[in-house]
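Every value quoted in this text rests on a predicted model; they were computed, and no experiment measured them. Order of the sequence lines sets the chain letters (A, B, ...), proteins ahead of strands, with each chain counted from 1.
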Amino acid sequence: MRGIDYVVKRTVFALMTVLVAITLNFVIFRAAPGDATSSLAKCRNCTPEFREALREELGLDKPKLEQYWIYLKDLAHGDLGDSFVTRQPVWQELKQPILNTLPMVGLGYLISIVLGVLVGVVAAWRRGTFLDWGGVSTALFFYSMPQQWLGLMLLILLGGVLPASGVSDPFIDFLDPSWWEVVIDRLEHMILPAATLGLVLYGQYALIVRSSMIEALGEDYIMTARAKGLSSWGIVRKHALRTSLLPIATLVALTFGYIIGGDILVEAVFSYPGIGLATYEAVFDRDYPMLQGAFLLLTLSVILANLVADLLYFKLDPRVTG
Amino acid sequence: MTGTAPVLADEQDLEAPPPRRGSFVWSVIKGQPQATIGALVLLAFVLVALFAPVIAPYDPREKVGDVFEAPSSEHWLGLDDGGFDMLSLMIYGARVSLIVGFAAALVAMLIGGTVGLLSGYFGGKTDTVLMRMTDYFIVIPDIPLMLVVAAIWGRSLTNIILIIGVIYWTTTARVIRSQVLSVRERVYVQRTRALGAGHWRILSRHVLPQVAPLLVAITVLSVAVAIFAETAIAFLGLGDPTLISWGKLIENAFSRSAISVDAWWAIVPPGLAVVAVVLACTMLGRSLEDALNPRLRVGHLSVRRFRVREVEGKSL
């Protein structure tokens, strides 16, 4: 049967990538000169004995291969280790940042996808007109901006109107808010970072939708539809859009992988306490277990999203035979 | 290939001298206004960077006025948080940003080009291993990885160039590989092999020249990516602290709270400069790639035509 083979092949492929990712995650962090103790034991009164004890406690004195084995064993039990800094399980430390990030980045991607499809469809439909040229140029213009810079521009323009940092108003609890006020407050804090992401990213969707739309509009059945006397917008909506949304479906599946990763730059500009900011802080603290955990999570979600995109493409496009 | 018979060149065609490859690239640039605009903008920025000491009105490390002084006829772009002239900072910043952009793109070109060539040419196990490696580099979160490596290796200019190059070679590798896959099967390559040419000779004399123009196009595109990456590294405080770059200027303005004093002149220009260079690279690179990449269904390689004959048992 068509399919089983393909699904198995893609899944095995994804699993292999996961294995490589896990191994390389270990290597990257342990290959670094100067282990975690060199930054943890930075205090003036820290004796070499204290440092040695710390190394022992963190398991850094064992041979590398043994460390790797322990790492794999813990991972198999779902244990990502303890943060060097807070001494809490990494998973627990990552949970809140992820919960903060998901809605913000999700909203950002939603903005970019809606805007991208809209601009792409209109540009293809009105190909060669000023609308096409303007839409594509604007999209490329935003696409060429450094994210952090666009974020700062939005801060200059709208910083007085919308909250500029954080995930919620620190004083809101004193006002005894209803759940609705809490939601509105969160949304207000989300708008600027999400808008930054949306504006920077929508260009790529717009370009892809435009070119696949143009391709679809050149097909014979579109000519037939036109010959039948269907309206131009009707052709776009009923015939061309359906086929040209195929690459978008997979692209959307792919971007889900990046949502978990958050966005370091945007979260840094708006001091948004998400996973990006957590990763950023972990880099400076040399908090290897945190970094390893965050890396693993991000890599896994991207691999999973890739797998879903592959399978989705297979399901939607009968021409794909693996 | 199914359905289409190979084109047979007639005698007359064969006698005419084949067009030179260089002239083809030139015809693309001439034919596409986008490419020309992009190239001119890039050239302008390169010239500004080269002649920075001549053009810059002030020494960028010399305090010439008040902190965050607004733009005036003496200081067209105002002054930054240290009382330095923004215009001079921008002009000198072009040097580091462009050096990082071009050098990192070169590193990416070397790694990606080599991986793509080997992977496509040898196929089999080599291909599997190299492509698995590429897949890993694609899924790994790029900015966090840059941060980690920059934090570990230290923040010198060379390190930053290497880091960016080592992270962004995957696109190059993939495009070159798919191109090599098709070049490898061309008849003249197979004939060369039949004549006893070694791998090195085939790769350097026949495969590389065919993929070189495409390699250049992708490298121009990666210059844009590298400049982006530089601003990101600088913004997150891991750039070389002694150098002036556009990314560093954005970071400076942000961390020294230019926003709260409404000093837009300290933030807007470096970002616009990045946008201009990135757009220029995108326009130039895209139009070159459009013309060269067979996957975009433009057969530039048919510029030269060869007399082809069915080889027994081998479909063309």
What is the minimum heavy-atom distance between A/W149 and B/V275, and which atoms define it? CZ3-CG2, 4.2 Å
Got a second to check how far B/W264's CH2 is from A/L157's CG, nearest 0.5 Å? 12.5 Å
Given that the side chain runs from C-beta out, which part of A/L291 has a heavy atom under 4.5 Å from chain B: side chain, backbone, both or neither? side chain
Assert top hit (heavy-atom pairs under 4.5 Å, partner chain A, pool B/L145, B/L236, B/L238) equals B/L236
What residues of residues 163-171 of chain B sit under 4.5 Å from chain A when only non-hydrogen atoms are counted? none
Correct closest heavy-atom pair for B/L147 and A/Y280 would be CD1-CD1, 3.9 Å
Once rounded to the nearest 0.5 Å, what's the spacing between atom OG1 of A/T17 and atom CG of B/D135? 5.5 Å
Looking only at A/S211, A/A282, A/A21, the option with the highest number of non-hydrogen pairs under 4.5 Å against chain B is A/A21
Work out which heavy atom in A/P146 is nearest to a heavy atom in B/G271; give both atom names and the distance. CD-O, 4.4 Å
Does atom OH of A/Y143 have more than 12 heavy-atom neighbours, drawn from other residues, nucleotides or ligands, at distances under 6.0 Å? no
Report yes or no: does A/Q148 contribute a side-chain atom to a donor-acceptor pair with the main-chain N or O of B/G247 at less than 3.5 Å? no
Taking atom CZ of B/R132 as the centre, does the number of heavy atoms from other residues, nucleotides or ligands within less than 6.0 Å exceed 12? yes
Please state whether the side chain, the backbone, both or neither of A/I275 comes within less than 4.5 Å of a heavy atom of chain B. neither
Option that, when pairs with chain B are counted at under 4.5 Å, heavy atom only, ranks first among A/L150, A/T299, A/L265: A/L265
Give the minimum heavy-atom separation between B/F235 and A/A268, together with the two atoms involved. CE2-CB, 4.3 Å
When you compare the side chain of A/I264 with that of B/P144, does any pair of heavy atoms fall below 4.5 Å? yes
Chain A contacts, top residue of B/T282, B/L272, B/D262, B/V277 (heavy-atom pairs, under 4.5 Å): B/L272
Just so I know, are the side chains of B/V268 and A/M153 near enough to count as touching, which here means a heavy-atom distance under 4.5 Å? yes
Just so I know, are the side chains of A/M145 and B/T231 near enough to count as touching, which here means a heavy-atom distance under 4.5 Å? no
Residue part contacting chain B, namely of A/N306, when any heavy atom lies under 4.5 Å: side chain
Heaviest contributor of heavy-atom pairs below 4.5 Å to chain A, chosen from B/L279, B/V274, B/I143, is B/L279
